[in-house]
Asks: 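Structure incoming, see below.
FYI, side chains are in, hydrogens and waters are out, and symmetry mates aren't considered; it's all heavy atoms of this structure. Everything numeric here is computed off the predicted structure, so don't read it as measured data.
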Amino acid sequence: MANQLAYRPETPPHPDRLWLWEKHVYLDEFRRSWLPIVIKSNGKFQVIMRQKDVTLGDSMTPSQLVPYELPLMWQLYPEERYRSSNSEFWQIVYHIKFKDDEDMLLEMLDSE
């Protein structure tokens with residue numbers, strides 16, 4: 001029987017902003033890169049944002065990214081949600097860090 005405690009995931013602070021740097025790569029305010037994984041099922045639009053260090057290329061301009069299904073920027077708002085550059089709100093379903101892996105699941109909220 002092991003006497004070692006189980007490793008528990010952390011709840012890290014949410015990034016204040018996520019800006020699209022290049023297609024499929026967002027940067028936060030600390031220049032950490034986040035890679036989106038889009039999930040569309042049961043009428044829900046969700047995105048897993050995975051923090052992963054990647055080699056960054058040149059930043060892209062918005063005209064180079066059209067059409068793109070994700071917002072160009074997310075900004076943290078109260079009540080565990082982000083407001084996107086197109087004024088949609090995304091709920092933070094969870095945000096965990098387990099060992100060296102950090103994931104945040106965002107779900108688009110229905111427009112009111």
Side-chain angles (χ1 to χ4, degrees):
M1 217 158 108
N3 290 334
Q4 187 176 16
L5 294 175
Y7 187 87
R8 303 268 184 233
E10 302 171 40
T11 304
H14 308 311
D16 286 336
R17 288 180 188 82
L18 294 166
W19 292 275
L20 188 61
W21 181 260
E22 58 187 79
K23 201 163 191 174
H24 306 298
V25 178
Y26 285 83
L27 293 183
D28 66 16
E29 61 273 17
F30 301 107
R31 289 193 56 87
R32 297 185 316 150
S33 46
W34 294 79
L35 309 178
I37 303 165
V38 174
I39 304 168
K40 292 181 182 177
S41 66
N42 299 327
K44 293 183 180 180
F45 187 7
Q46 298 178 317
V47 178
I48 296 173
M49 298 298 286
R50 177 157 293 157
Q51 196 284 309
K52 189 138 187 108
D53 294 330
V54 297
T55 303
L56 297 174
D58 293 331
S59 65
M60 298 178 79
T61 64
S63 62
Q64 293 173 302
L65 295 168
V66 176
Y68 193 64
E69 67 181 328
L70 295 176
L72 302 180
M73 185 188 81
W74 275 294
Q75 181 173 349
L76 186 61
Y77 264 58
E79 300 175 17
E80 299 283 308
R81 59 192 178 142
Y82 282 96
R83 184 173 183 179
S84 65
S85 54
N86 55 5
S87 297
E88 295 170 327
F89 283 98
W90 295 71
Q91 188 69 45
I92 302 169
V93 178
Y94 68 78
H95 182 185
I96 62 169
K97 182 174 183 178
F98 185 75
K99 298 193 179 186
D100 292 330
D101 297 323
E102 185 173 350
D103 285 347
M104 181 169 54
L105 177 63
L106 305 177
E107 181 175 290
M108 185 191 298
L109 297 173
D110 294 330
S111 337
E112 297 173 358

Asks: Under 4.5 Å between any side-chain heavy atoms of I37 and V47, yes or no?
Replies: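 Contact flag for I37/V47 side chains = no.
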Asks: Should M49 and D28 count as side-chain neighbours, where that means a heavy-atom distance under 4.5 Å?
Replies: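 No - every pair of side-chain heavy atoms lies 4.5 Å or more apart.
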Asks: Please report the closest heavy-atom contact between L20 and Y26, naming both atoms and the distance.
Replies: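 Minimum heavy-atom separation between L20 and Y26: N-CD2, 3.4 Å.
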Asks: Let me confirm one number: the OH-CG distance from Y94 to D103, rounded to the nearest 0.5 Å.
Replies: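 Spacing of OH (Y94) from CG (D103) equals 5.5 Å.
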Asks: Taking all atoms of both residues into account, what is the closest heavy-atom pair of Y82 and L76, and its distance?
Replies: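 Minimum heavy-atom separation between Y82 and L76: CD2-N, 3.3 Å.
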Asks: Closest heavy-atom contact between M73 and W19?
Replies: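 Of all heavy-atom pairs spanning M73 and W19, the closest is SD-NE1, 3.4 Å.
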Asks: Below 30° counts as parallel, above 60° as perpendicular, anything between as tilted: where do the rings of W34 and H95 land?
Replies: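 W34 vs H95 ring planes: perpendicular.
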Asks: At their closest point, which heavy atom of H24 faces which heavy atom of P36, and how far apart are they?
Replies: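 Scanning both residues completely, I find the closest heavy atoms to be O-CD, 3.3 Å.
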Asks: Quick check: does any side chain N or O of Q51 sit under 3.5 Å from a backbone N or O of E102, one acting as donor and the other as acceptor?
Replies: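 Absent.
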Asks: Closest heavy-atom contact between D53 and S33?
Replies: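 D53 and S33 have their closest heavy atoms at CA-OG, 3.5 Å.
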Asks: Can you find a pair of side-chain heavy atoms, one from W21 and one from R31, that are under 4.5 Å apart?
Replies: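 They are in contact (side-chain heavy atoms under 4.5 Å apart), so the answer is yes.
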Asks: Identify the heavy atoms of R81 and I92 that sit nearest to each other, and give their distance.
Replies: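 Taking every non-hydrogen atom into account, N-CD1, 4.0 Å.
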